[in-house]
Amino acid sequence: MSQEKIQSQTVQTTGHAWDGDLQEYNNPIPTWWLYAFYFSVAVAVVYWLTYPAWPVGGGFTTGFDSITYVNDKGEKKTTHWNTRALFMKETNEAVAAQKPYLDKVASTPFEQITKDPELNSFVVSAGKQLFSDNCAACHQQGGGGKEGFAPNLTDDDWLYGGHFANIQQTVMNGRHGYMPAFADVLNDTQVNQLTDYVLSLSRIAVNPDSAKAGDVLFHSETAACFYCHGDNAKGRQVIGSANLTDRIWLWANVPGADTIASKEAAVKNVILGGLNKGVMPAWKDRLSPEQIKVLTVYVHELGGGK
C-alpha cells in the first residue's frame with residue numbers, strides 16, 4: 001500500500017502535542033449529525049415563533065397560532081394558542097361528536113336504548129365516563145359502593161327502586177336517607193330485643209325468645225318500625241327505607257363482624273343513634289337531561305335494575 005494511501009486512512013492530528021507522545025487528533029463531527037443539529041435549531045426557532053415562549057416585560061410572546069372555542073357561557077372566543085384553549089376546543093369537538101347520539105338517546109324510550117347495539121355501545125362508553133367523573137367518588141369505580149357511606153349499585157338491591165324512572169328521579173333530585181334515633185325511646189332490653197329480631201331476619205342465630213319479643217316490638221306503636229320498613233320488613237322504596245330481610249347491609253357492618261356480640265353491637269349503634277346521612281346531591285343543575293338519561297341507563301345496567 002502506498003504511503004499516500006496509508007496517510008489518507010490515518011486520523012490526522014491538529015499539530016498540537018504534549019510531552020512528545022500526547023497528540024490532539026482531528027475527528028470532525030459527522031456531516032449528517034451536523035445537519036441534524038442545524039435542522040433542530042431551525043425547528044426550535046419556528047416553535048418559538050408559533051407558540052407562546054419568550055417573556056417580554058410583564059408579558060410574553062403569544063406566537064402566531066390562534067384557537068377558537070366556545071366557553072361555558074356559550075360565547076365564542078379566539079385567543080392565542082394555550083393548553084386551556086386547546087382543551088376547550090377539544091371539548092367542543094367531543095360535545096359536537098356526541099350530540100347526534102345524545103339526541104337519539106333523548107328521543108328513544110329507556111327500554112329500547114339497550115336493544116339498539118350502536119346506542120347501547122355509546123351509553124356504556126359515555127355513561128362510564130359520566131359515572132367516573134360524577135359518581136365514583138362515593139359509589140366507587142364500578143359502582144361497588146362503600147359500606148357505611150354509599151350503597152352498592154351492582155347487587156340489584158335498590159333503596160328507592162331500580163326501574164328506569166326511579167333511578168332517573170334519584171339522579172335528578174338526589175336523596176337524603178333518614179332514620180330517627182331510638183336512644184330516648186327504647187330501654188336497653190327493648191333495644192336488645194329489636195336487635196335480635198333484625199338479625200333473625202337475615203337468618204343469623206340469636207336468642208329466639210328475644211327475637212320473638214323484638215318482632216312484637218317492631219310491629220308495635222312503641223317502636224313503630226313497620227311504618228317505614230313495612231309489616232314484612234322488606235322496606236318501602238317510596239321513602240328509601242331498607243329491606244331488612246335480604247342480608248344486604250349498608251350502615252351496620254354485620255358481615256364484617258366476627259361474633260354475634262359484635263353483630264349485635266353494629267345493629268344497636270344504628271338503632272340508638274339513627275341515621276341522618278346517606279345524602280346524595282341532585283344533578284339536575286349540573287348535568288344535561290340527556291346526560292342524566294345516559295347515566296340512568298348505565299346505572300340501571302350495573303345492577304340489572306328492575
Side-chain angles (χ1 to χ4, degrees), residues 138-140 144-153 155-163 166-167 169-282 303 306:
C138 294
H139 293 284
Q140 310 298 301
K146 186 175 182 181
E147 192 170 275
F149 185 66
N152 184 345
L153 302 179
D155 58 10
D156 202 21
D157 181 73
W158 304 86
L159 290 174
Y160 293 92
H163 291 285
N166 301 133
I167 298 172
Q169 184 73 11
T170 297
V171 176
M172 286 179 59
N173 299 315
R175 299 293 186 182
H176 187 171
Y178 174 77
M179 172 181 162
F182 287 87
D184 297 328
V185 178
L186 305 176
N187 59 41
D188 291 343
T189 299
Q190 290 173 318
V191 170
N192 290 335
Q193 292 170 343
L194 198 55
T195 296
D196 285 339
Y197 173 66
V198 170
L199 288 173
S200 72
L201 293 173
S202 293
R203 294 183 285 283
I204 295 174
V206 293
N207 184 311
D209 294 332
S210 178
K212 185 176 181 179
D215 185 356
V216 175
L217 185 61
F218 184 94
H219 295 90
S220 71
E221 294 295 331
T222 302
C225 304
F226 69 97
Y227 280 170
C228 293
H229 293 285
D231 288 328
N232 57 6
K234 292 184 179 296
R236 294 175 59 201
Q237 292 183 343
V238 68
I239 60 174
S241 58
N243 182 346
L244 303 178
T245 69
D246 57 10
R247 293 189 287 182
I248 295 176
W249 302 86
L250 173 58
W251 304 114
N253 187 15
V254 172
D258 297 329
T259 64
I260 293 296
S262 57
K263 293 179 188 296
E264 289 177 334
V267 176
K268 285 180 184 178
N269 286 337
V270 175
I271 295 174
L272 291 171
L275 294 169
N276 192 19
K277 48 186 177 179
V279 180
M280 173 180 165
K306 297 178 182 178

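Quick caveat: nothing in here was measured; it's all calculated off a predicted structure.
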Which value, rounded to the nearest 0.5 Å, describes the distance between [X] atom [atom1] and [Y] atom [atom2]?
| X | Y | atom1 | atom2 | result |
| --- | --- | --- | --- | --- |
| Gln193 | Leu217 | CD | CG | 6.5 Å |
| His139 | Leu153 | NE2 | CG | 5.0 Å |
| Leu244 | Cys225 | CG | SG | 8.5 Å |
| Tyr227 | His219 | OH | NE2 | 12.0 Å |
| Leu201 | Asn243 | CG | CG | 9.0 Å |
| Ile239 | Arg175 | CD1 | CZ | 11.5 Å |

Pairs under 3.5 angstrom only: tabulate donor-acceptor contacts from the side chains of residues 260-275 to other protein residues two or more places apart or in another chain.
residue: Ser262; atom: OG; partner: Asp258; partner atom: N; Å: 3.4
residue: Ser262; atom: OG; partner: Thr259; partner atom: N; Å: 3.0
residue: Ser262; atom: OG; partner: Thr259; partner atom: O; Å: 2.8
residue: Ser262; atom: OG; partner: Thr259; partner atom: OG1; Å: 3.0
residue: Lys263; atom: NZ; partner: Val254; partner atom: O; Å: 3.0
residue: Lys263; atom: NZ; partner: Ala257; partner atom: O; Å: 3.0
residue: Lys268; atom: NZ; partner: Asn192; partner atom: OD1; Å: 2.5
residue: Asn269; atom: ND2; partner: Ala265; partner atom: O; Å: 3.3

Under the side chain to side chain donor-acceptor pair (under 3.5 Å) rule, collect the residues that match up with [X], sequence neighbours excluded.
| X | result |
| --- | --- |
| Ser210 | Asp196 |
| Asp246 | none |
| Asn276 | His176 |
| Glu147 | Asn253 |

* Search all heavy atoms of Ser202 against all heavy atoms of Trp249 and return the closest pair with its distance. => OG-CZ2, 3.3 Å
* Structure fact -> Tightest non-hydrogen contact, residues Trp158 and Gln237, listed as O-NE2, 3.2 Å
* Asked: Do Arg236 and Ser241 have a side chain donor and acceptor closer than 3.5 Å?
  -> no
* Using modelled atom types only, decide if a donor and an acceptor are shared between the side chain of Gln190 and the backbone of Asn187 within a distance under 3.5 Å. => yes
* Asked: Mind checking what makes ring pair (Phe, Tyr, Trp, His ring centres under 6.0 Å) contact with Phe218, not counting sequence neighbours?
  -> Tyr197
